[in-house]
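What follows is a short report on a single structure.
Below, chains carry the letters A, B, ... as their sequence lines are ordered, and counting in each starts from 1. Not measured: the values here are computed from a predicted model.
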Amino acid sequence: MNITVNGKQVQAQEGETILSALRREGFKVPTLCHISDMLPSGSCRLCVVEVEGSPNLVPSCSFQAAEGMKILTASRRVIQARRTILELLLASHPDDCLYCGKQPSCELSELAREYGVRRTGYPKAERRAEPDASSPSITRDPNKCILCGKCVRVCEEVQGVACIDYIRRGSDARIGCAFEGAMGQSSCVNCGQCINICPTGALSETSSLDAVLQALGDPSKHVVVQHAPAVSVSIAEELGLPQGQDVSGLLHAALRRMGFKAVFDTSFSADLTIMEEASELAHRIQNGGALPMFTSCSPGWIKFVETFHPEFIPNLSSCKSPQQMLGALIKSYYAPRKKLDPASVVSVSIMPCTAKKFEAVRPELARNGVPDIDLVLTTRELASLIRTFGLDLAKLQPEDADLPFGERSSAGKIFGASGGVMEAALRTAHHLLTGKELPSLKVEKVRGLQGVKEAQIKIGQLEVSVAAVSGLGNARALLEQIRNGRKTLHFVEVMTCPGGCINGGGQPFAADKTAVQERMKTLYAIDSADEVRTSHSNKAVKELYRSFLGKPLGEKSHSLLHTKYSARKTADRI
Amino acid sequence: MTAKSGGVERVLEQHQFAQRDKLIPILQQVQESEGYISKEAVLKVSRHLGVPASKIYGVATFYNQFRFSPIGRNNIVVCRGTACHVKGSAALLKALEDMLGIKAGETTADGLFSIEVVACMGACGLAPVISVNGECHAAMTPEKASHLLDQIRAEEKQHAQ
């Protein structure tokens, strides 16, 4: 199909929108409400173009291209219309951009700059509503909301949670929870995908930066830190290094320079999780336990099951997440051995995730009222901290993490990608059940960014049927199948965020699909190059079992590394 | 919550296999039966239809016809039709809101008064017109409205004794 754009003839495909053709052909068209691979909503109108023969400007996101169409993408009329929209948006938007955490990634201010909007010709009509900081994970500032609706759509269409929607209409419209209730009391699972998709600073993580800075400056505190597998492969571009580069060594160096007394790698406790989880799976298979068993590392998924599908609680692995396992070990193994009062140890974790902030304050994960993890920073907050300390990663020399919680296998590292936990668990479960290693350690079928991946793996005489799903919408569909009688699955990995932690709600802004793919590639490259590729061959893990924990699922492991879940009441459900 | 118990259940019984397209008729019937849409009603309808409460609240707040607090013992309906508008119904509504400390669609804390706005009562010759519990009051002014409120309060007091 031929169309003419700004006088140049280009190709369009049958059935595609004008926007899709324009973007493929390299014409820049601004949007604030469009989400690629989803149906257009057409609410922001910034994508308008002029189409010959059409009296009105046409929203290119929701208009199909047609043979012979003559389109202008940057006519005077188009530019004027876009400027007017931007001016109207700015007229009801706060002017506190200097203090806004979304900078420099704010799409609204970027467009205002691109279109040369230096002032608004409309009277300022700012809303003055209180930000909602009721959630330990996500803070909403309704004043900065431009009602594009992307958060509503991601929450409903990708995650199947739908805890927010438009309320009222016209100039009175806003976005919020049912009954305009607090997010912290709602069915929100804290995944933070809404933060990543928000074009402005209306959504952000509930920050712990100040608290971390305060702890680091307090000589009476012994501040230690752990970083999750996905963090070191996701932060490079944020700090001016090549996208997807693994910077774990540089991170260790940077974190020590900030004053953290010990720097640990959550991939170590990911290995530990695998030891416990693979043992639990073997135990369930051998003793007729609830199957399929679901992984429990992703705290958004845990809250999702507790809130929406408590009937599946018996299927959740009782293993704590790697963050919480390491947290428990830091306070009850590391602290006493260092002759430290656990109360003076501040345990910080750096996660690609906003739901980890919620997980850290779950009361059942505290011991005598003292939480195992004191403060959680997102990858974004870490980048900010590195800048605050004036550190240039490119100028640092890589360092190792501190022992014993610094040694990892690459099985623990691939936890960062959807399918990684499954692959790591299969490697160890095979060894556990047969005494031999998997013939091929690489389990290709559970790799990749697809939302649902399934595989059959032969472990001895047993054909084990597994699935790795990411995005809670996909998880919900799978639960539906199981409820409707699907009985064949043994083990299911669920990651809340599409693609897993590498695409978590705490990751740097402006990450597109390519960035996520790069992160995944790096994780698997680390795995294929590593000498220690199974959790059960991690020497530090073995030593910890020998000298302290006993054996997987043993008494000590059980009290330190496992937990319980319970059905959850929220203000928006009965 | 002063909702009569069982009203929502009775409505939902009539919509046993309903899907989300029945949301608005269900909300209308709930309001007819209970006088308003309570939080509890939203949650029950949500569970019944499998539609998230945020969506139901969003739909219900989109339309003016739904109210979220029970109607007062004296429901004041203010006509905002063209004739009444020309004769000053905007100022009248504002005065009523100020005197009662509530907005249209709300109910006073003591449950005595609620205000409702309608587009036209069809009594344009009496403009500006309000009705209280179905009884019309013609050619209203803020002063007359204030007097009317006092009168109702006095009657309520007498009634209570």
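- Applying the 6.0 Å contact sphere to NZ of B:K94 captures no more than 12 heavy atoms from other residues, nucleotides or ligands.
- No side-chain heavy atom of B:R80 sits less than 4.5 Å from a side-chain heavy atom of B:V118.
- For a residue to count as touching a neighbouring chain, one of its non-hydrogen atoms must lie under 4.5 Å from one of that chain's; by this rule A:A571 touches chain B with the backbone only.
- Using a cutoff of 4.0 Å between basic side-chain nitrogens and carboxylate oxygens, B:R67 and B:E34 are not scored as salt-bridged.
- For residues 143-156 of chain A, a heavy-atom distance under 4.5 Å to chain B picks out A:V152, A:E156, given by residue number.
- One finds a salt bridge joining B:E156 and B:R73 here, because a Lys/Arg side-chain nitrogen approaches an Asp/Glu carboxylate oxygen to under 4.0 Å.
- Inspection of non-hydrogen atoms places A:A178, A:F179, A:E180 of residues 178-187 of chain A under 4.5 Å from chain B.
- Residues A:E480 and A:R476 are not paired through a salt bridge, judged by the lack of any N-O separation under 4.0 Å between the basic side chain and the carboxylate.
- From A:W301, atom CH2 reaches atom CG of A:L472 across 7.5 Å, with rounding to the nearest 0.5 Å.
- The contact between A:I164 and chain B is made entirely by backbone atoms, counting heavy-atom distances below 4.5 Å.
- At a threshold of 4.5 Å between non-hydrogen side-chain atoms, the residues B:I76 and B:L100 count as touching.
- Contacts between A:R168 and chain B at a heavy-atom distance below 4.5 Å involve backbone atoms as well as side-chain atoms.
- Between A:K356 and A:E359, at least one side-chain nitrogen of the basic residue sits less than 4.0 Å from a carboxylate oxygen of the acidic one, meeting the salt-bridge criterion.
- Between B:F62 and A:Y166, the ring center distance fails the sub-6.0 Å criterion.
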- For the pair A:N315 and A:I482, evaluate side chain to side chain contact (heavy atoms under 4.5 Å, CB included) and give the outcome as yes or no after the intermediate values. CA-CA 11 Å; A:N315 297 69; A:I482 295 170; 5.9 Å; no
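- Judged by distance alone, with hydrogens and angles left aside, the side-chain atoms of B:N74 form a donor-acceptor pair with the main-chain N or O of B:L112 at under 3.5 Å.
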